[in-house]
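See below for the structure under consideration.
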Amino acid sequence: MKLHQRTILLTGGTSGLGLEFARQLVALGNTVLVTGRDAAKLAQVQRELPQVHTFQSDVSDPAAIGQLYEQVTTQFPALSILLNNAGEMRKLNLQDPTRNLHDVTRELDTNLAGPIRMVQQFLPHLLAQPTAAVLNVTSGLALVPYPLAPVYGATKAGLRSYTKALRVQLQGTRVRVFELIAPGAKTPLNDAFVGDVREKDLMDPRPLIAQALRAMQRDKEEVYPGIATALRYLSRLAPGLLLRQLSKGVAESLARLRPPAPTTR
Ligand SMILES: NC(=O)c1ccc[n+]([C@@H]2O[C@H](COP(=O)([O-])OP(=O)(O)OC[C@H]3O[C@@H](n4cnc5c(N)ncnc54)[C@H](OP(=O)(O)O)[C@@H]3O)[C@@H](O)[C@H]2O)c1
């Protein structure tokens with residue numbers, strides 16, 4: 001599909017992979033609408049890329065999605081691509097008794113319910129365009145559980161399942177459905193995982209996003225940059241081995257997270 005002179009809505013475009021998407025999509029000559037929660041980060045993107053349009057919006061909040069829809073479709077009726085990128089990953093100790101029931105599912109609202117609600121809200125608009133697309137950013141951790149970030153992996157596996165179902169439901173329409181199965185990348189998302197993930201295993205966002213955009217231009221529905229290709233095959237051929245590999249060091253890392261034990265005196 002053509003990725004030039006398009007109007008593209010990109011969630012979480014203020015950092016990491018999203019910011020790189022914004023840079024490359026602007027360079028290709030598109031109108032890019034960037035969302036995020038933090039006003040200071042949105043202002044920073046605006047300074048770096050004066051061509052983008054920013055919207056402060058929290059993808060985990062259904063009311064905010066409704067407001068975003070009104071604003072965006074009024075100001076940019078030619079919107080034809082939705083790029084669901086916003087996400088967060090947390091290291092969670094499931095034995096932590098202080099974790100409350102609301103907090104434990106926080107990533108579900110942003111990483112899974114967020115894209116599902118965005119699609120639901122914007123789909124009628126996309127279906128009315130001459131050609132349109134949705135791209136959902138999942139992860140290599142959709143293919144294998146990552147015991148240090150158990151809820152994150154569940155959200156990405158869920159989003160991958162939803163994306164495949166969405167593609168089937170939209171067959172015969174003018175809306176294409178793409179999935180970026182992203183490998184570990186050098187972005188702030190991994191700041192909390194220093195010592196758990198080897199720096200040299202993290203991919204530079206520039207070639208990663210370039211590969212994702214080339215795949216969209218070639219109508220390739222799924223793209224597995226870098227080490228995600230190895231995860232794709234290993235998760236089928238040796239899923240147990242892969243899980244054991246990703247389980248190494250989990251107990252030690254979680255032990256470092258635990259609040260100090262109460263003193264007995
Ligand atoms: N980096 C990796 O290793 C990796 C690997 C596989 C997949 N991914 C996926 O790639 C996507 C981007 O991750 P990243 O590595 O670029 O992370 P990042 O650098 O932490 O950026 C996350 C972006 O999402 C925004 N965001 C977070 N929660 C949001 C919310 N509720 N509503 C709206 N915006 C929100 C953040 O801005 P605000 O905080 O201002 O809202 C920021 O712009 C995520 O879906 C992630 O799961 C990343």
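Sequence positions, counted from 1, serve as the residue numbers for this chain. Whatever order the structure lists ligands and atoms in, that order sets their numbers, starting from 1.
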Tell me, please: is [X] in heavy-atom contact with ligand 1, that is, under 4.0 Å?
{"X": "Lys156", "value": "yes"}
{"X": "Thr11", "value": "no"}
{"X": "Leu19", "value": "no"}
{"X": "Gly140", "value": "no"}
{"X": "Pro183", "value": "yes"}
{"X": "Asn85", "value": "yes"}
{"X": "Glu88", "value": "no"}

Below 4.0 Å, non-hydrogen atoms only: which portion of [X] touches ligand 1? Side chain, backbone, both or neither.
{"X": "Leu189", "value": "both"}
{"X": "Ser57", "value": "backbone"}
{"X": "Lys41", "value": "side chain"}

Query raised in the report: Can you tell me the protein heavy atom closest to atom 31 (N) of ligand 1 and the distance?
Result: Asp58 OD1, 2.8 Å
When only distance counts, is [X] in polar contact with ligand 1, meaning an N/O pair under 3.5 Å?
{"X": "Leu202", "value": "no"}
{"X": "Thr138", "value": "no"}
{"X": "Ser15", "value": "yes"}
{"X": "Gly36", "value": "no"}
{"X": "Gly184", "value": "no"}
{"X": "Asn190", "value": "yes"}

Can you confirm whether [X] sits close enough to [Y] that some side-chain heavy atom of one is under 4.5 Å from a side-chain heavy atom of the other?
{"X": "Asn84", "Y": "Val134", "result": "yes"}
{"X": "Leu180", "Y": "Leu208", "result": "yes"}
{"X": "Gln211", "Y": "Val223", "result": "yes"}

Would you check if the side chain of [X] reaches a backbone N or O of [Y] as a donor-acceptor pair within less than 3.5 Å?
{"X": "Lys91", "Y": "Leu148", "result": "no"}
{"X": "Lys156", "Y": "Leu143", "result": "no"}
{"X": "Asn30", "Y": "Arg6", "result": "yes"}
{"X": "Ser247", "Y": "Leu243", "result": "yes"}
{"X": "Asp219", "Y": "Met1", "result": "yes"}
{"X": "Gln51", "Y": "Val32", "result": "no"}

Show which atoms of ligand 1 fall inside a sub-4.0 Å distance from at least one heavy-atom site of [X].
{"X": "Pro188", "result": "19 (O)"}
{"X": "Leu17", "result": "10 (O), 16 (O), 48 (C)"}
{"X": "Asp38", "result": "40 (O)"}

Report task. For Ile65, enumerate each residue passing the side-chain contact (heavy atoms from CB on, under 4.5 Å) test, keeping only those at least two apart in sequence or located in another chain. Result -> Val59, Arg117, Met118, Gln121
Report task. Please report the C-alpha distance between Gln95 and Leu254 in whole Å, then the side-chain angles of each, then the deciding distance to 0.1 Å, and finally whether the side chain to side chain contact (heavy atoms under 4.5 Å, CB included) criterion is met. Result -> CA-CA 10 Å; Gln95 295 191 55; Leu254 291 180; over 6 Å; no
Query - Contact summary for Val175 and Thr173, nearest pair of heavy atoms - result: N-OG1, 3.1 Å
